[in-house]
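Everything numeric in this text was worked out from a predicted model, so none of it was measured. Lettering of chains follows the sequences in order, A, B, ..., and the numbering in each one begins at 1.
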Protein chains: 2
Amino acid sequence: MDTEREYDVLSVDCPSRMILNRIGDRWTLLIIVALSREVLRFSQLRARVGGATPKVLTQTLRALERDGLVSREVFPVVPPRVEYRLTELGRSLLEPIAAVKKWAETHVEEVLEARERADAMASAASEAMSSASSSMARPRAGVLG
Amino acid sequence: MDTEREYDVLSVDCPSRMILNRIGDRWTLLIIVALSREVLRFSQLRARVGGATPKVLTQTLRALERDGLVSREVFPVVPPRVEYRLTELGRSLLEPIAAVKKWAETHVEEVLEARERADAMASAASEAMSSASSSMARPRAGVLG
DNA sequence: CAGTATCCCACGCGATACTG
DNA sequence: CAGTATCGCGTGGGATACTG
């Protein structure tokens, strides 16, 4: 069975595009990473994933559950206890994610350096443009243009 | 040199978070994939990456250039000719991306099936709630809540 | 504890048109 | 050909407060 070219991310209408959009949001990857080693309760997840508000956490978890990547188990006790764990499908995402995570952690510095160099160049160019004026040439600090 | 735990994506202020935000946008991954096998000109890139308008293409390419992942070569001819290629740093991103891409392409269907099942469940639950009424219970078609 | 409920806004992105 | 320039909107997501 050659399923190599069945899907193509570069194609506009390819379903695999949707996957990228899904895991490309701000919290999905982080939650999966957090759940990679242990089953976690809601508040534990909150504590582990820095910056996540209950709202985004719930949204993302619901979406992950819907897509079969995470399972949610409710214990009928009081106070409530809810546990989240990766499904097998979710765990299968761990490898690719680990690769990305590792890349991110090992190459941040190179990226940051490249960025600084680029900004320095741009800044120098701006100054050259405005002759010897002191026009403060903004170094384009934002991520995207 | 043990640099294992120097960075942690789960930490709010970790720089590696930024990397995820960068490659998590709508076009970055696609452009890198497109450039994985060949050097491409602007319009070729546009043709390959389905749906990309010149604006987003330029934005993303500039950002990639700034971060040292893509290099831009301008040929002083008319009509203009500009070639984009991955830098070595950019090429190093190819492996993790390929892993994600492969996962996306091989597991879309499972995700889609899980989603349909979840929606069917939710829909059934809604109908049960409204007794035998014909209240159209919307199956929550959107990606996120 | 595990969420909901609102309000609100930045901004990523698309559409469209124009230029060196 | 390889971009810029504008305009506008959809919505992801932050802040805050409330609830079973």
Enquirer: So among L93(A), I32(A), L64(A), which one has a side chain to side chain contact (heavy atoms under 4.5 Å, CB included) with I23(A)?
Expert: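 By the side chain to side chain contact (heavy atoms under 4.5 Å, CB included) criterion, I23(A) pairs with just one of L93(A), I32(A), L64(A): L93(A).
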
Enquirer: Shorter than 3.5 Å, N or O on both sides, protein versus nucleotides 4-10 of chain D: list them out with atom names.
Expert:
unit_1 : atom_1 : unit_2 : atom_2 : d
dT4(D) : OP1    : R62(B) : NH2    : 2.9

Enquirer: Answer with base, sugar-phosphate or nothing: what part of the nucleic acid does Y84(B) contact at a heavy-atom distance below 4.0 Å?
Expert: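 Sugar-phosphate: the residue Y84(B), judged by heavy atoms under 4.0 Å, touches backbone atoms but no base.
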
Enquirer: Would you mind reading off the distance between Q59(B) atom CD and dC13(C) atom P, rounded to a whole angstrom?
Expert: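 My rounded result for the distance is 8 Å.
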
Enquirer: Please state how far atom CD in E83(A) lies from atom P in dC1(C), giving the value in whole angstrom units.
Expert: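 That distance rounds to 15 Å.
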
Enquirer: Please report the distance, rounded to the nearest Å, between CG in N21(B) and C1' in dG12(D).
Expert: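 Those two atoms, CG and C1', are 12 Å apart.
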
Enquirer: I need the CZ-P distance between R48(A) and dA2(C), as an integer number of Å.
Expert: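 R48(A) atom CZ is separated from dA2(C) atom P by 15 Å.
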
Enquirer: What's the closest nucleotide to the side chain of V82(B) if the choices are dA2(C), dC13(C), dA2(D)?
Expert: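 The answer is dA2(D).
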
Enquirer: Where do V39(B) and Q44(B) come nearest, in terms of heavy atoms and distance?
Expert: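 V39(B) and Q44(B) have their closest heavy atoms at O-OE1, 4.3 Å.
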
Enquirer: Grab the two heavy atoms, one from D67(A) and one from L89(A), that are nearest each other, plus how far apart they are.
Expert: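 Scanning both residues, the minimum pair turns out to be O-CD2, 3.9 Å.
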
Enquirer: For R46(A), which contact category applies under a 4.0 Å heavy-atom criterion: base, sugar-phosphate, or nothing?
Expert: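 Nothing, no nucleic acid heavy atom in range.
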
Enquirer: Quick check on dA2(C): is either OP1 or OP2 less than 4.0 Å from any side-chain nitrogen or oxygen of S43(A)?
Expert: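 For dA2(C), OP1 or OP2 has a side-chain N or O of S43(A) closer than 4.0 Å.
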
Enquirer: Can you tell me which nucleotide in dC13(C), dC1(D), dG14(D) comes closest to the side chain of R26(B)?
Expert: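 Selected nucleotide: dC13(C).
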
Enquirer: Looking at every heavy atom in both D13(B) and S11(B), which two are closest together, and how far apart are they?
Expert: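 What the structure gives for the nearest pair is OD1-OG, 2.7 Å.
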
Enquirer: Looking at E73(B), R72(B), R41(B), which hits side chain to side chain donor-acceptor pair (under 3.5 Å) with Y84(B)?
Expert: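 Going through E73(B), R72(B), R41(B) one by one, the side chain to side chain donor-acceptor pair (under 3.5 Å) with Y84(B) is satisfied by R72(B) alone.
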
Enquirer: Provide the Watson-Crick or G-U wobble partner of dT16(C), both distances under 3.5 Å; none if there is no partner.
Expert: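 By the stated definition (distances under 3.5 Å), dA5(D) pairs with dT16(C).
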
Enquirer: Find the distance L61(B):CG to dA2(D):C1' and express it as a whole number of Å.
Expert: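 To the nearest whole Å, that distance equals 11 Å.
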
Enquirer: Could you give the distance from CG (L57(B)) to CZ (R48(B)), rounded to the nearest 0.5 Å?
Expert: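 Here the rounded value is 13.5 Å.
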
Enquirer: Rounding to an integer number of Å, can you tell me how far R81(B) CZ sits from dA2(D) P?
Expert: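 Result: 8 Å.
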
Enquirer: Measure CG/L20(B) against P/dG13(D) and give the value in whole Å, please.
Expert: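 Distance, rounded to whole Å: 13 Å.
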
Enquirer: Return the 5'-most residue of the pair A52(A), P80(A) with respect to DNA chain D, ranking by each residue's nearest nucleotide.
Expert: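 Nearest-nucleotide comparison on DNA chain D picks A52(A).
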
Enquirer: Between atom CZ in R17(A) and atom P in dC13(C), what is the gap in whole Å?
Expert: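 It works out to 12 Å between those atoms.
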
Enquirer: When you measure from the side chain of W103(B) to the backbone of S92(A), do you find a donor-acceptor pair of N or O atoms at a distance under 3.5 Å?
Expert: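 Looks like yes, one N/O pair under 3.5 Å.
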
